[in-house]
Number of protein chains: 2
Amino acid sequence: MVSIKDIAKQAGVSISTVSYALNGNPKVTPETSSRILAIAKELNYIPNAAARQLKKQESRIIGAFLTDFTGAFYGDLLQGMKEVLNRKGYDLIVCSGLQSHRLLPERMIDGAIILDSTFSDMELLDFADRGHRLVVLDRELNHPAVNEVLLDNKAGANLAMDYLISMGHKKLYIVMGPSDSFDARQRMIAVRQTLDRHPEVNAVLLEGDFNQGSGEAAARTIIDQYDGPVGAFCLNDEMAIGLHNYAVSQGYRIGEQISVIGFDNIELTRYLQPRLSTIQYSKHRWGAMASEQLLRLIQGEDVDHERIYVTLVEGDSVKRV
Amino acid sequence: MVSIKDIAKQAGVSISTVSYALNGNPKVTPETSSRILAIAKELNYIPNAAARQLKKQESRIIGAFLTDFTGAFYGDLLQGMKEVLNRKGYDLIVCSGLQSHRLLPERMIDGAIILDSTFSDMELLDFADRGHRLVVLDRELNHPAVNEVLLDNKAGANLAMDYLISMGHKKLYIVMGPSDSFDARQRMIAVRQTLDRHPEVNAVLLEGDFNQGSGEAAARTIIDQYDGPVGAFCLNDEMAIGLHNYAVSQGYRIGEQISVIGFDNIELTRYLQPRLSTIQYSKHRWGAMASEQLLRLIQGEDVDHERIYVTLVEGDSVKRV
DNA sequence: TTGTAGGCGTTATCAC
DNA sequence: GTGATAACGCCTACAA
């Protein structure tokens, strides 16, 4: 490995002069500087990240932690994060799994964006106490070193419910999400509030796990009990697709016999016929916002929690009854 | 930050004793050792990655580089990589974009798995010359420090073509891929070979870019020229889905008027009706194999290039004519 | 069994 | 303007 020491030797100067030259310090004369730079290039010199990091106590790397790598869900989100970070001279690395947690306390990264249920709140608070900066996308966590950038789940669930009800639906099925999901819990809170406001609506709550399978299971239940048009709010699109597919395979017509609305507006919904009504938000913006907040935190600025707003997308999967 | 120096002070021993104790060196007596460990825990000591890395000249981190984060394509692949690496005490980080290239030469990672067209062959060979270990999934690259783990694209394309031809198709459309894709180029080579072997088959080559849109465009062309059952080999599933959707929307029946076969067996195809015939392989195995080969390379073992085998999945999108 | 000391590659504070 | 030199936190001969 070629280090500044080698360059110094070759150039007949001291290592400090080399360091100055490489870092563009104006103290060194243009001649020595360009001579040093030329030698550095000739020797194929590349600075050693570990050494710089050890000295400067920063890596200029940000970690994004995900529960898993599956699903097309994360593409735009990560892209949004990366663009902002790169613009500010930071790099993004994406990690998953328990083992990778070490990267944070070992100071391999300057901060983390968390969308990862394998972190407990306690663990994160512990990191925050140690002085690490965090942005959480999947929980509420009050700590001066932690910023929340959360989806406005409640508003979204409200929109979905109000939409179904405004279309005249009196009989509703709610396909719920896993209880360890923050988003699912928030959405359910709003669902219950809406139902409280509409005592005339008859709602059945069905278990769900955010996967296609539980949407199919829900469809089976709905069909078993079928005796006229009903509405269904699936707490995410994946389950809505499962419900859709099973219902269609049994000869039911979505948007007529069964009105369906989802949440997230994932890519996949583009392939559904009729088009799925759902709750939409910009994943790119979500990621970008997370990065911005994290950088502010790292720069020692005081930042408020942020919300990502959502809107209703009307497809053809919900019809008036 | 609490360092071994702090622990040493607290325990009244030297830093080397602390280091030995923390690393389980049997030279230090059980009593001192346990006392030191207790103090370390009490002080919330966590080793500093940069320092250890600087000393040991390794980070035990492997980087996977992707052209972009979009697409559900990578989930299983990354999962396969991660499992193998974690088992061997390595961590996986996923990177994308030009800026992240620096992680390799700056020695932030101990090796890299490349599925990223933003790296040029020259750049990679340069890294290899510097002593970095690489596994490439998206190109052929001959260098002792580089191992190839490639999909058997030619066999797959052959399977697909032979299948269509064996079902009696004499009129074929080939929806090609982007020319900067290694996989696309390899698949086309096999396509051309098959066509050479079957002069009785009339084939039309259509441009494609591996995205849904070019599948739709292909469908438009096919329908324009339609005068009886034809077969279509889309060089990946995304385009096959595009072709399928557009054709269906125009009232054509897939598997009857137009027989379609894709490549990759992506998740999405499960949602197609009729089910898509395609070429299948284990992405999980692909990732796992890449990690295994990289670790062998790092351990200085001599390793041969590897191929990931593919098989035909018969759906209902191809019928005999 | 424990301590001393040198070094990994940089940066940065001093002198000169 | 340039050069010693001391960190940064850790590991590891070698000495005691």
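The sequence lines fix the lettering, A, B, ..., with proteins before strands; numbering per chain opens at 1.
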Which part of the nucleic acid, if any, lies within contact of B:Ser19, taking any heavy atom under 4.0 Å across all strands shown: a base, the sugar-phosphate backbone alone, or nothing?
base
Between A:Met1 (CE) and C:dC8 (P), how many Å, whole number?
11 Å
Looking at B:Asn23, does any N or O in its side chain come under 4.0 Å of the phosphate oxygens OP1/OP2 on D:dC11?
yes
Between the side chains of A:Asp116 and A:Thr118, is a donor N or O closer than 3.5 angstrom to an acceptor N or O?
yes
C:dT4, OP1 or OP2 - any side-chain N/O from B:Ser14 closer than 4.0 Å?
no
Any protein N or O atoms within reach of nucleotides 13-16 of chain D? Criterion: under 3.5 Å, listing atom names and distances.
from, atom 1, to, atom 2, distance (Å)
D:dA13, N7, B:Tyr20, OH, 3.4
D:dA13, N6, B:Tyr20, OH, 2.8

Measure from CZ on A:Arg35 to C1' on D:dT2 and round the result to the nearest Å.
12 Å
Which atom pair, heavy atoms only, marks the closest approach of A:Gly89 to A:Arg60?
O-NE, 3.4 Å
Atom-pair distance (CD on B:Glu58; C1' on C:dC8), nearest Å
13 Å
Please determine whether side-chain hydrogen bond (donor to acceptor under 3.5 Å, both in side chains) holds for the pair A:Glu83 and A:His284, giving the CA-CA distance in whole Å, both sets of side-chain angles, and the decisive distance to 0.1 Å.
CA-CA 10 Å; A:Glu83 285 173 12; A:His284 186 279; 2.9 Å; yes
Rounded to the nearest angstrom, tell me the gap between atom CG in B:Asn25 and atom P in D:dC10.
17 Å
Under 4.0 Å: is that the gap between some side-chain N or O of A:Lys5 and OP1 or OP2 of C:dC8?
yes
Sequence neighbours excluded, every pair satisfying salt bridge (charged side-chain N to carboxylate O under 4.0 Å, His left out) that has a member inside residues 90-107 of chain A:
A:Asp91-B:Arg102, A:Arg102-A:Glu106, A:Arg102-B:Asp91, A:Glu106-B:Arg52
Nearest-nucleotide comparison on DNA chain C, the residue closer to the 5′ end among A:Arg52 and B:Ser33:
B:Ser33
Does A:Thr29 place a side-chain N or O at less than 4.0 Å from the phosphate oxygens OP1/OP2 of D:dT2?
yes
Are more than 12 heavy atoms, taken from residues, nucleotides or ligands other than B:Asp304, located less than 6.0 Å from that residue's CG atom?
no
Euclidean distance, atom NZ of residue B:Lys9 to atom C1' of C:dG3 [Å, nearest integer]:
17 Å
At how many degrees, to 10°, do the end axes of the helix from C:dT1-D:dA16 to C:dC16-D:dG1 meet when each uses five pairs?
50°
Check whether the side chains of B:Ser16 and B:Ser19 place a donor and an acceptor atom closer than 3.5 Å, and report yes or no.
no
Which label fits B:Phe119 and B:His101: parallel for a plane angle under 30°, tilted from 30 to 60°, or perpendicular past 60°?
parallel
Grab the two heavy atoms, one from A:Arg130 and one from B:Ile46, that are nearest each other, plus how far apart they are.
NH2-CG1, 2.9 Å
Using only modelled atom types and a 3.5 angstrom limit, is any donor from either the side chain of A:Lys55 or the base of D:dA7 paired with an acceptor on the other?
yes
With a 4.0 Å limit, can you tell me whether B:Thr32 has a side-chain N or O closer than that to the phosphate oxygens OP1/OP2 of C:dT2?
yes
Which is true for A:Ile46 with a 4.0 Å heavy-atom rule: it touches a base, it touches only sugar-phosphate, or it touches nothing?
sugar-phosphate
Rounded to the nearest angstrom, tell me the gap between atom CZ in A:Arg107 and atom P in D:dG9.
9 Å
Rounded to whole Å, CD of A:Gln53 lies from P of C:dC8 at a distance of 19 Å
Check every atom of D:dG1, D:dG3, D:dC11 against the side chain of B:Ile15 and return the nucleotide holding the closest atom.
D:dC11
Taking OP1 and OP2 of C:dT1, is either one under 4.0 Å from a side-chain nitrogen or oxygen of B:Thr17?
no
Geometric cation-pi criterion B:Lys41 and B:Tyr45, 6.0 Å radius, 45° cone:
no
Kindly say if A:Gln57 contacts the phosphate of D:dG9, meaning a side-chain N or O under 4.0 Å from OP1 or OP2.
yes
Need to verify one output field. Residue with the more 5' nearest nucleotide on DNA chain D, B:Ile4 or A:Val13?
A:Val13
Closest to side chain of A:Pro47, choosing from C:dG9, C:dC8, C:dT10:
C:dT10
Would you find more than 12 non-hydrogen atoms of other residues, nucleotides or ligands less than 6.0 Å from A:Asp302 atom CG?
no
Would you say that B:Leu295 contacts B:Leu85 through its side chain, given a criterion of any heavy-atom pair below 4.5 Å between the two side chains?
yes
Rounded distance (Å) that lies between atom C1' of D:dG1 and atom CG of A:Leu22:
16 Å
